[in-house]
Amino acid sequence: MAGKAKSVKKRLFKIIQIGNSADIPSMCFDLFIVLVILINIAVTFLQTFEGAAKYAEVLRVVEFVTMVIFLVEYVLRIWTADCLYPEKSYPAAMFRFVVSFYGVVELLTILPYFCPFFIPNGAVAFRMLRVVRILHLFKINARYDAFNVITAVLRDKRNALVSSTFLVLVLMLASSLCMYGLEHDAQPENFSNAFSGIWWSMSTLFTVGYGDIYPVTIGGRIMTIVITFLGVGMVAIPTGIISAGFVEYYTKIKVGSYSQYDADFITLNIAGGHPFAGMQLKEIGLPQGLYTAVVLRGEDVYTPHESLVLEEGDSLLLGTVSRGRFECRIMEVCLEAGNGWIGSRIKDLDISRRIFVVMVKRGNKNICPQGSTLLKEGDVVLLLEKVFKNNGL
């Protein structure tokens, strides 16, 4: 009975996760959730129109139904959390999901709706929190691999973006201080202190120019011209960084990060019970020099990114960089029952001098091989073979 419940949970987990074209129920669930998200957002916008008052009851019913669907999905994700984090106990996996980014997003999308039913006095405050529903769009981001390009670019360029943002903040504070010194005597009501110019400097730097606060002295107007020119350049820096990041990312996808070298590829199949199943790409711990080129899932091809969760049936196209006078090839040996390597130490293996053991995968662990490492049944041994390019060697 317990095994059947576990099988049902695992199947539900596969359905509510990001689907592939080979799994029709999972794909239908994805499309259904996206449709519910769009309907909920549309209802939220329609409720702000005065003309929608006569349809208020219908909108409330539609809103309630969509929120119940979100609640059921959230409960199912908590129930299947141990399938998402198989290396953790159920309480730890459940807590990990609840505090994860998408766990918090899902909680915040349903909390503002249901809390007023239990805390009527706080209804006004919770209505203000309904703006969090816009985070539903992040669910769509989680369901389509192409949207992960945005987060990948921001993550890769985060240091440059932080530096450019810091420069903008410094310029904003400096311009506020300068304008206070130049304009305080002429219009003390608008520039009453050093921080009163923050709003003016922000609207000027970002070329919004509301006109509610403006300089009246000659020195202030000259300073405004200088700050405006500097602001255009400063604000353009983050835009240029992000644009360059997108170009680099798609160029990398098109020609490959290692296109300037000869590379060898092997296919690693994630079969049933494979230790990589359920892990994110960033957690599998490939050896240095070995990289994931693409992830094959049914007929779909996924660009590898750190947060992509591997599933049983996936195939990883792994590549190694070949430089110098030899090429490197990676081989995988699964030590099944009866294999002669079982019970042997790595230093005692009868293998060529051109073949090296680079990693031993045992369950959910990646073991750094040593000569005294004892191989066991079920281990997966990754071998690196040097193949010299000159035939005479």
Side-chain angles (χ1 to χ4, degrees), residues 41 44-45 47-50 99 101 104-105 107-109 111-112 122-138 141 147-251 306:
I41 293 176
T44 303
F45 273 87
Q47 288 176 333
T48 63
F49 289 87
E50 294 182 2
V99 300
F101 175 76
V104 172
V105 168
L107 179 62
L108 291 180
T109 56
L111 195 63
V124 176
F126 284 114
R127 279 199 296 269
M128 294 175 62
L129 289 176
R130 290 187 178 185
V131 70
V132 180
R133 291 183 190 174
I134 201 68
L135 293 177
H136 283 166
L137 294 176
F138 285 102
N141 177 65
F147 284 93
N148 287 283
V149 174
I150 300 173
T151 54
V153 169
L154 293 178
R155 182 171 57 250
D156 292 341
K157 300 297 181 181
R158 61 183 180 275
N159 292 332
L161 289 172
V162 170
S163 299
S164 62
T165 303
F166 177 75
L167 288 176
V168 172
L169 290 176
V170 170
L171 181 59
M172 188 182 299
L173 292 175
S175 62
S176 177
L177 288 170
C178 290
M179 292 304 294
Y180 169 75
L182 292 169
E183 295 289 326
H184 174 67
D185 293 337
Q187 43 179 340
E189 66 284 355
N190 288 333
F191 294 92
S192 57
N193 52 59
F195 285 96
S196 61
I198 290 289
W199 167 251
W200 173 88
S201 61
M202 185 187 71
S203 61
T204 303
L205 285 175
F206 289 93
T207 65
V208 178
Y210 285 102
D212 53 343
I213 301 176
Y214 54 90
V216 296
T217 64
I218 295 177
R221 290 175 177 175
I222 294 175
M223 180 60 65
T224 300
I225 295 173
V226 174
I227 292 172
T228 302
F229 276 102
L230 291 176
V232 171
M234 288 296 181
V235 174
I237 292 175
T239 305
I241 292 172
I242 295 175
S243 301
F246 274 96
V247 173
E248 290 176 8
Y249 190 91
Y250 280 107
T251 302
E306 292 183 347

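- To the nearest 0.5 Å, atoms OG1 (Thr239) and CG (Leu161) are separated by 9.5 Å.
- Taking CG of Leu171 as the reference point, atom CZ of Phe166 lies at 12.0 Å (rounded to 0.5 Å).
- Taking 4.5 Å as the limit, every side-chain heavy atom of Leu182 sits out of range of all side-chain heavy atoms of Pro215.
- Residues forming a side-chain hydrogen bond (donor to acceptor under 3.5 Å, both in side chains) with Thr217 (at least two apart in sequence, or on another chain): Glu183.
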Evaluate side-chain contact (heavy atoms from CB on, under 4.5 Å) for Leu167 paired with Ser163, printing each intermediate quantity in order.
CA-CA 6 Å; Leu167 288 176; Ser163 299; 5.9 Å; no

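- Going from atom CG of Asn159 over to atom CD1 of Ile241 covers 10.0 Å, rounded to the nearest 0.5 Å.
- Looking at residues two or more places apart in sequence or on another chain, you find a side-chain contact (heavy atoms from CB on, under 4.5 Å) between Ser176 and Ile198, Ser201.
- Interatomic distance, CE of Met179 versus CZ of Arg221, reported as 10.0 Å (0.5 Å rounding).
- For Ile222, the side-chain contact (heavy atoms from CB on, under 4.5 Å) test picks out Ile218, with sequence neighbours left out.
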